Amino acid sequence: MPAITGEEYRNRIKKRQVALWHNGKKVVNILEHPAFKGIINSQATLYDLQHKKDIMTYPSPVTGDLVGTSYLQPTTMEDLIKRRKMIQQWAKMSGGMLGRSPDYMNTVLMTFAASAQLLNGKENCFPQHLIHFYEKAREEDFSFTHTFISPQVNRSQLYFEDTDEPIAAKVVAENEEGIVIKGARLLATQGGITDEIIVFSPGGISDKAYAFAFSIPSETKGLKFISRDSFVGGESTYNYPLSSRFEESDSMVVFDDVVVPWERVFFYNNIEVSNTFKNASGFAPFTLHQIVSRQVIKTEFMLGLAKAIVNTINISEYPHVQEMMAEMITALETMEALLIKAETNAKRDEFKLMRPELTPLQVATSTFQKVYARLAEIVQLLGSSGLVSIPTEADFESEIRDDLDQYLQSATLEAKDRVQLFRLAWDATMSSFGSRQTQYERFFLGSPNRLASELYKQYDFTKHTDYIKDLLTYD
């Protein structure tokens, strides 16, 4: 099967009958449910885009059919750039608001499969299972949610779970069919609206029961998704231009003695592999390449939104406005420069992949964790009280329309168009959806302190310290 269409994606999600719970009720008709309808339709649009631009697909190495570029294992600079262009083409559809668009986990799976040789000869590791599953996902164009995080019962460094009933998902048994998982995992973004869920232990494991990696269909027996409250304000794209279409939702995933078939187990009960595979694989450089490519588009969106507000109410002559706009320009140009540097310095790695330079991508993601909140703040400051005076679409269709037209017009737009722009700014930065976007980017890859620590520990200071030595001994 080649790259799927939006309708094929919708039909697959409908047929899966996932155990998805929302607001205390089991979701029956997911395609029409107000919390999931918008994002499913947006995902469908992404799949349709695969058939409209050459950069979105490439010939399958197995069948020759066109498959999604997000599965492409790049071996040349051209491949790497093609991946970035595809990622950004998808990101432009949502202004970068879809943090878990299909290319994210497709990229993760691609890197794991390319690095499968790291599992060779290791106890309870199955590299061929990983490679075969990647190929299956590529050929059938699977969509994925994932979960890497255990419940936050006690975040003390010395905490060890000691309960009769598991809290964090763990291996509780194994049999002829496979391993048995019981417990829970957190933050499965888009949980319940994808074909599969990838569950991976990313490191820091001291008990082999928590050391595993696998993928299973979302409708697997005993698997349950519990969605948080929806941030969809309503179906009107005028009133809620972003949340009505791009609210991804996040779910807790409950494993009630879920049997993971052996052919879907990539590794288990191996603490060493669980703690080293992610960092030793191509995960970091390629996943960060996908993330930064999207974040550049999101920065472009915020900059364009801010400038549209400036133009609409004619405030470009004020120095403080120019200063804030310059701050946004600096953020965008910095992110773009770091992305280009990572690509320019790409080299073939031990897995024969054209690997982007990691450090610029680490700097970019660490920068974006801090800068995105500031971008949102600038939009709020520029919009000021205009982000509060935002009537609804219904108001403009009522008998008070004349009053709105008179008193809410701007220097360049009629009232309804001006309000539409300001509702977009509100939804991006002040609604529950907008607030979630800020928090999401702030902790996208984990604690900012931990990421800063990783950057410090991995950075090669040698040439800089050698320079200081040479300077001190210069005669």
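Just so you know, these numbers come straight off a predicted model, no measurement behind them. Only this structure's heavy atoms are used, side chains among them; waters, hydrogens and symmetry mates stay out. Numbers for residues simply follow the sequence, beginning at 1.
With no hydrogens or angles considered, no side-chain donor-acceptor pair links K352 and Q73 at under 3.5 Å. For the residue pair N106 / R138, no side-chain donor-acceptor distance below 3.5 Å is found, with atom types taken as modelled. Counting only N and O atoms by type, the side chains of Q439 and R436 include no donor and acceptor under 3.5 Å apart.
Between F133 and F126, the distance separating the two ring centers is not shorter than 6.0 angstrom. Within the 6.0 Å centre-distance limit, the rings of F283 and F112 are counted as a close aromatic pair.
Between the T147 side chain and the L187 main chain, no donor and acceptor come within less than 3.5 Å of each other. In terms of modelled atom types and a separation under 3.5 Å, the side chain of S201 and the main chain of Y210 share a donor-acceptor contact. In terms of modelled atom types and a separation under 3.5 Å, the side chain of D349 and the main chain of R355 share no donor-acceptor contact. Remark: side-chain polar atoms of H129 are not paired, donor with acceptor, to backbone N or O of F266 under 3.5 angstrom. Under a 3.5 Å cut-off, the side chain of D427 and the backbone N or O of R423 do not form any donor-acceptor pair. In this structure a side-chain-to-backbone donor-acceptor pair under 3.5 Å is present from K82 to T57. S447 places no side-chain N or O within 3.5 Å of a backbone atom of F443 that could act as its donor or acceptor partner. S143 places a side-chain N or O within donor-acceptor distance of the main-chain N or O of D195, the cut-off being under 3.5 Å.
Taking the six-membered ring where tryptophan is involved, the planes of H146 and Y104 are tilted, since the angle between them lies from 30° to 60°. Ring orientation note: the planes of F214 and F255 are nearly perpendicular, at an angle over 60° on the 30°/60° scale. Below 30°, between 30° and 60°, or above 60°: for F200 and F277 the angle between ring planes is between 30° and 60°, a tilted geometry.
Salt bridge present: R450 and E454 bring a charged side-chain N and a carboxylate O closer than 4.0 Å. Here R228 pairs with E247 in a salt bridge; the nearest charged N to carboxylate O distance falls below 4.0 Å. Salt bridge annotation for R294-D103: absent, with no cationic side-chain nitrogen under 4.0 angstrom from a carboxylate oxygen. We find that R374 and E377 are joined by a salt bridge, their nearest charged nitrogen and carboxylate oxygen being less than 4.0 Å apart. Between R264 and E196, at least one side-chain N (NZ, or NE/NH1/NH2) sits under 4.0 Å from a carboxylate O, which counts as a salt bridge. With respect to the salt-bridge test (charged N to carboxylate O, under 4.0 angstrom), the residues E7 and K14 do not qualify.
Considering OH of Y9 and CD of Q50, their distance stands at 12.5 Å, rounded to 0.5 Å. In this structure, CD on Q190 lies 4.5 Å from CD on E248, to the nearest 0.5 angstrom. Taking OG of S274 as the start and CG of N124 as the end, the distance is 12.0 Å to the nearest 0.5 Å. L20 contributes atom CG, which lies 10.5 Å from atom CG of L223 (distance to the nearest 0.5 angstrom). Between the CD1 atom of I291 and the CD atom of E441 there is a distance of 9.0 Å, given to the nearest 0.5 Å.
Within a 6.0 Å sphere centred on NZ of K370, heavy atoms belonging to other residues, nucleotides or ligands number more than 12.
Counting all heavy atoms, side chain and backbone alike, Q295 lies closest to A364 at OE1-O, 4.5 Å.
Counting heavy atoms from C-beta outward, M328 and I378 have side chains that approach closer than 4.5 Å.
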Notebook entry, point to check: Please walk me through it: do F36 and H22 pass ring-ring contact (aromatic ring centres under 6.0 Å, His included)?
Noted result: CA-CA 10 Å; F36 307 103; H22 181 267; 5.7 Å; yes

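The salt bridge (charged side-chain N to carboxylate O under 4.0 Å, His left out) with E219 is formed by just one residue from the set R12, K224, R16; it is R16.
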